[in-house]
Amino acid sequence: MTTHTPPTEHAEEIKDALRHIEEAERPDALTDQERERRASLEELRAKGVEPYAYGFERTRFSNEAIAMFDESNPDLHPSASVAGRIMGVRRMGKATFAHVQDEAGKIQIYFKSNDLGERYDLLRLLDIGDIIGANGFVFRTRTGEITLHVERFEILAKAIRPLPVVKEETDPVTGEKIVHDAFSDKELRYRQRYVDLVVNPEIRETFRTRAKIISSIRRFFDDRGYLEVETPVLQPIYGGAYARPFVTHHNALDFDLFLRIADELYLKRLVAGGLATGVYEIAKDFRNEGMDKNHSPEFTMAEIYIAYKDYEWMMAFTEELFVEVARVVGIHRGSAPIQFTPPFRRLSMYDSIKEYTGTDVSKMNEDELRITAKHMGVPLEAGSGVGKIIDEIFSAKVEHHLIEPTFITDYPLSMSPLAKSHRSQPGLVERFELYVNGQELANAFSELNDPLDQRARFEEQARLRSKGDEEAMVLDEDFLRAMEYGMPPMAGLGFGVDRLTMIMTGEESIRDVVLFPAMRPEKIR
RNA sequence: GAUCCCGUAGCUCAGUGGUAGAGCAUCUGACUUUUAAUCAGAGGGUCGAUGGUUCGAGCCCAUCCGGGAUCACCA
């Protein structure tokens, strides 16, 4: 983006940045290890060795190279080229062992002075963290580890900042892996995810699973003929959920825009336009709320809207979707893996409250509900109406019981301004949420397509907003206009991809399924 | 936003008022099948920041910065 910023506006920042650059480059600002590594770097160049290569001809991943060793023909010595990061070095004078880590794992490599001649002397300029390429032949050492005997090697990238050294040991009795000095500081792991991925390689599996989850969702939708679309992230009016938005500013047009909190209203416009029977989007939404292990200010949402279907149909679709995702990724981690075994339990909201509290709240008016909540020890906000009180009771008394996938159906109308009134139960809407592991995972309804009803619902929201409810929805006149032209009945579903990934990987914090979690800015030394 | 806990060497951590420590990493030396390699020696710190109490503060107090957990809000 090109901006024509007056030079004075950022003068202080620029001065700070320049000062920072100067200080960072002063030799006395470096640690001894950084100075050593920079000295090694210069020595390599002085010897005519360029420590930052343009590429390397790799023929095998570490696991493939190891697999080449033939137990029945140990003298075969198949050759291979591997590339990766040096994770440990054992120098023994004229022989050196090291482990090289790549995407697939680790392989031990063996350097021998006799074989490498003068180049063997370069090894003293190598450090843990350096990225090298090596080719040679595969053999088995005296102690039994399949190893690459190096015939040629190249330095592909010299590390001038020391990597945390994590050592692993195999317990001789149990055979279990013992990790020493694990890189465990959460702040450092999140801020420097590149380091975390290197020294805690098991977390790579989490992010590979995340990618699989997203691609399996996309495939599931695509296979059924639904169309992937992209709708605006920057919106003049935000809507589709209860949340406070982020605000940004468009310089050229000189007005404020909101970062979307949901995709819903734009996707429904597209169904109205007949773009496709079903449209979906898998993308980031942004909510300006508190953050904790279940909430991140930017998070990935999947939403799909399918014409001529209702929430009953969508429930079956949702069940099929999650069963399929679980099948594709496999559920391999976590202490209490959730089995996505169909059919999922279905329970109306009233029945769920009756089941877990013994109280039937379905016929109660606001005062009775208030008294009931008080008896149950459920704290209420002053302005809570019928729907809000029921929701509070549900959250406090029912939610955490719902471990195996459970559909909760038929919500109070006041909580759901975009959902269609229940066809047979007054005061309710046709809505379901899927609960897994005591958490809401998905939310869906028969979408409201009556423009007059929708307008009335927005107006009710406006009243809440004027009473100080900052999260109440904003009336979207263009969305209403689309509905007035005629919007087919449809079913809509939305779910958080991050939470789905948490469930599928057994991670307990959303920060552990997001590569770069939001953090306050740091001062980098 | 509130409460509690944490911040000491590159990493993981000891250190409850009296000369800042350990293991790994780093440096020097030895070692041609080691694997938490080993052995001998050495260097490395604004104890998150600022202010205060004290003869004396890593330690006690206050404020601030950063992180974690719980709660609130939300998905």
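Since the structure is predicted, the reported quantities are computational estimates derived from the model, not experimental observations. Residue numbers start from 1 in every chain, and the chains themselves are labelled A, B, ... in the order their sequence lines are given, proteins ahead of strands.
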Problem - Arg346(A), CZ atom: more than 12 neighbouring heavy atoms under 6.0 Å - result: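 It does: Arg346(A) CZ has more than 12 such atoms within range.
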Handout entry: Spacing between Glu169(A) atom CD and U34(B) atom P, to the nearest angstrom
Key =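 Rounding to the nearest Å, CD of Glu169(A) and P of U34(B) are 17 Å apart.
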Problem - Atom pair distance, as rounded to whole Å: CG in Asn200(A) and P in C11(B) - result: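 Checked: the CG to P distance equals 14 Å.
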Looking only at side-chain N and O atoms, does [X] come under 4.0 Å of OP1 or OP2 in [N]?
X	N	value
Arg244(A)	C73(B)	no
Arg90(A)	U34(B)	no
Arg191(A)	G67(B)	yes
Arg520(A)	G67(B)	yes
Arg511(A)	A69(B)	yes

Problem - Pair Lys47(A) + Asp121(A): basic N to acidic O under 4.0 Å - result: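 Between Asp121(A) and Lys47(A) there is no salt bridge, as every charged N stays at least 4.0 Å from the carboxylate O atoms.
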Practice task
Using a strict 4.0 Å threshold on nitrogen-to-oxygen distance, state whether Arg191(A) and Glu187(A) make a salt bridge.
Solution key: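 Looking at Glu187(A) together with Arg191(A), the answer is yes, because their closest N to O distance falls below 4.0 Å.
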Which one, [options], comes nearest to the side chain of [X]?
X	options	result
Lys293(A)	U70(B), C31(B), U12(B)	U70(B)
Thr147(A)	A36(B), U34(B), C11(B)	U34(B)
Asp181(A)	C24(B), A36(B), A72(B)	C24(B)
Gln33(A)	C11(B), U34(B), U26(B)	U26(B)
Asn114(A)	C73(B), U35(B), U32(B)	U32(B)

For [N], does the base pair up with any side-chain atom of [X] as donor and acceptor (N or O, under 3.5 Å, distance only)?
X	N	answer
Gln108(A)	U34(B)	yes
Glu440(A)	A75(B)	no
Thr141(A)	U34(B)	yes
Glu36(A)	U26(B)	no

Exercise for the section: Could you tell me whether Phe139(A) contacts a base, only the sugar-phosphate backbone, or nothing, with contacts defined as non-hydrogen atoms closer than 4.0 Å? Expected result: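 Base, at least one base atom sits under 4.0 Å.
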Problem - Validation row, ring centre Phe495(A) to ring centre Phe322(A) under 6.0 Å - result: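 For Phe495(A) and Phe322(A), the ring centres are under 6.0 Å apart.
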Handout entry: Heavy-atom donor-acceptor pair, Arg345(A) side chain to Phe407(A) backbone, under 3.5 Å
Key =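 Such a contact is absent between Arg345(A) side chain and Phe407(A) backbone.
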Exercise for the section: Flag as yes if Phe299(A) stacks onto the base of A75(B) (centroids under 5.5 Å, planes under 30°), otherwise no. Expected result: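 Per 5.5 Å and 30° rule: yes, stacked.
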